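Reading through the structure tokens given below for one structure.
Because the structure is a prediction, the values reported are computed rather than measured. As the structure lists them, so they are numbered: ligands from 1, and atoms in each ligand from 1.
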Amino acid sequence: MAQFQDLKTRVKLNPETYFKYDGGEHILLKNIHSDDGLSIKYDIMLILYELIHWKSVGELVEPWPPGDQEKIKAHLETLYASRIVITDEAEAAVASESGLSETLGKNIHINVENHHVMLRDYVRMAAYRRAIDRAVTPETVALDLGCGSGVLSFFAAKAGARKIFAIERRSDIIYLAEQLAKANGLDTQIEFVEGASSHISEERLQPKPNLLVAEILANGILEENVLEFTIDARRRFLAPGAQMIPCGLDIYFFGFDCGLHQSRWEEVEEFKDLYGIDFTMLGHVLCGKATMRLDRFNTALHKAVTDPVLVQAIDFMTLENPAFVTRFELVAKEDGPITSFCGYFKAHLDAETVLTNSPWAPPTHWTHLIYTLPATRFVKKGEALQLELIYDGAMRLQLLD
Ligand SMILES: C[S@@+](CC[C@H](N)C(=O)[O-])C[C@H]1O[C@@H](n2cnc3c(N)ncnc32)[C@H](O)[C@@H]1O
């Protein structure tokens, strides 16, 4: 555990936000409320919640409860390995980003939010670069749907695409992407189009793109409406027979024991009397949702009680209706408690390139989609649970028996 001695984390654009582990018995959190530190915030909250049932955020110097040190070290190791933790090397970037507005010569607030986290997700970046390199020819006219920082357009430009339309609905980040294109001499190939793709007319993108590149995969898998936007883009913008990256998406679920269950449902109790009012119903709604408190299945800490099952295989080339209701079965591979169900995706970027946030694959920046049961379900080996996954613009999972 030597690498955690004096581990220091900084969140870019807010040098005041950090947590510090002294290698001994204390963890220090400071200004963890930062908007820019969202993913770090939830990971750290999870650690604290599991260890000391600490529910608020702010500033803390707390000894860990005795006996739990191995657990927190394992958590920190996972965070470190998944690169959610940005170590000291980010400091240089902090310094250069804080000078961004000056460099661009414009008084504009650019909120890079998670874009730096996505750029540092090397599993994601390598998969997209490979698929783009394999797809692009000198005849390629690409559409980058949701270009963000512009990175996928830049890959396509470097691979030799004739033209790239980069669509982005956020004005601040598309402005940055344009400046980056200029700074890298890629602006002659790339045309930036500001707006939500669904509001852009098909005449605007001429000649018609023969390659779609899009990364609008959310922690909640379909949360960014990837299905709706992909269908719309394919129908209105793309030339017949155009290639799509990704061309398909598989959704998997499995059952597990999250270990947080008791404390999570104890919270519902608290809602019984808030300011003399019974808020129990609100507590049930809260606990019925995919939880943000535990947002990652950790193979070192949690136990899968069923194998993962492919619940929905979506073919982007032929999909016409984004909505679905799918029944499926999870079979217990051993006796044990199931408190939660974990969903993850496999995106087929091309026939040979798969990008996944499976907990058993190399870690990415994506968390998992986790639904928690209102009561622990004890299952026997071989017992089958019947479930239903529904998507109608929002995703829901229901246990049927
Ligand atoms: C997950 S980020 C990916 C950004 C970039 N392509 C990358 O790979 O780093 C998705 C981006 O797509 C944008 N976006 C999502 N749906 C969009 C739509 N329908 N039209 C335009 N932009 C969209 C979001 O604002 C966000 O910047």
Side-chain angles (χ1 to χ4, degrees), residues 12 35-36 38-39 83-84 93 109-133 135-136 142-159 161 164-181 184 186 190-202 204-205 209 211-238 244-246 249 316 319 322 345 347 349-350 353 355-357 364-367 369 393-394:
K12 283 207 243 175
D35 287 336
D36 300 313
L38 206 61
S39 38
R83 290 182 292 270
I84 291 297
H109 174 67
I110 299 172
N111 187 355
V112 294
E113 285 177 357
N114 285 335
H115 286 281
H116 67 284
V117 177
M118 292 190 278
L119 286 171
R120 294 166 80 92
D121 178 344
Y122 303 111
V123 172
R124 181 188 90 107
M125 296 317 313
Y128 268 90
R129 178 146 223 179
R130 178 178 192 265
I132 289 169
D133 282 349
V136 167
L143 164 55
D144 179 1
L145 198 169
C147 73
S149 65
V151 62
L152 303 183
S153 293
F154 304 153
F155 284 174
K158 282 188 176 284
I164 299 133
F165 294 103
I167 297 183
E168 172 56 54
R169 62 185 171 198
R170 273 186 40 201
S171 57
D172 58 340
I173 198 77
I174 197 172
Y175 176 76
L176 173 66
E178 276 186 276
Q179 303 309 311
L180 287 170
N184 286 280
L186 300 170
I190 306 172
E191 186 176 332
F192 290 92
V193 183
E194 186 181 328
S197 58
S198 49
H199 288 91
I200 290 164
S201 77
E202 52 190 287
R204 179 72 182 74
L205 309 192
L211 174 67
L212 173 73
V213 181
E215 197 284 77
I216 41 178
L217 300 166
N219 293 327
I221 307 181
L222 305 180
E223 224 168 34
E224 281 198 61
N225 299 106
V226 58
L227 302 186
E228 291 85 344
F229 288 133
T230 304
I231 293 172
D232 175 58
R234 191 192 66 215
R235 285 182 184 151
R236 295 193 305 117
F237 298 131
L238 298 189
M244 299 167 80
I245 300 175
L249 187 72
F316 283 178
L319 183 71
F345 67 79
L349 301 194
D350 62 28
T353 312
L355 174 62
T356 177
N357 69 336
T364 67
H365 76 286
W366 282 286
T367 59
L369 178 59

Kindly identify the option in His365, Glu168, Glu194, Glu228 whose heavy atom sits closest to atom 25 (O) of ligand 1.
-> Glu168
Salt bridge (charged side-chain N to carboxylate O under 4.0 Å, His left out) between Glu215 and Arg124, worked out | CA-CA 10 Å; Glu215 197 284 77; Arg124 181 188 90 107; 2.6 Å; yes
N/O to N/O below 3.5 Å, does that happen between Arg170 and ligand 1?
-> no
Could you give the distance from CG (Leu355) to OG1 (Thr364), rounded to the nearest 0.5 Å?
-> 7.0 Å
Option nearest atom 17 (C) of ligand 1 (shortest heavy-atom distance, choices Met118, Met125, Arg169) = Arg169
Taking all non-hydrogen atoms of both residues into account, name the closest pair between Ala131 and Ile245 and its distance.
-> O-CD1, 3.6 Å
On a heavy-atom basis, the closest approach of Leu211 and Val136 is CD2-CG2, 3.9 Å
Approximate separation, where rounding is to 0.5 Å, of Leu222 CG and Phe345 CZ = 10.5 Å
With a 4.0 Å cut-off on heavy atoms, is Leu145 touching ligand 1?
-> yes
For ligand 1, is there an atom lying under 4.0 Å from some heavy atom of Ser198?
-> no
Proximal candidate to atom 23 (C) of ligand 1 [heavy atom criterion; set Cys147, Ser197, Gly146, Ala233] = Gly146
Region of Ala218 engaging ligand 1 - heavy atom pairs below 4.0 Å = neither
Is any side-chain heavy atom of Leu145 closer than 4.5 Å to a side-chain heavy atom of Ile216?
-> yes
May I ask you to identify the nearest protein heavy atom to atom 1 (C) of ligand 1, giving residue, atom name and distance to one decimal place in Å?
-> Glu215 O, 3.2 Å
Atom pair CG (Asn219) and CG (Asn357), whose distance is rounded to the nearest 0.5 Å | 8.0 Å
Can you find a non-hydrogen atom of Gly195 under 4.0 Å from ligand 1?
-> yes
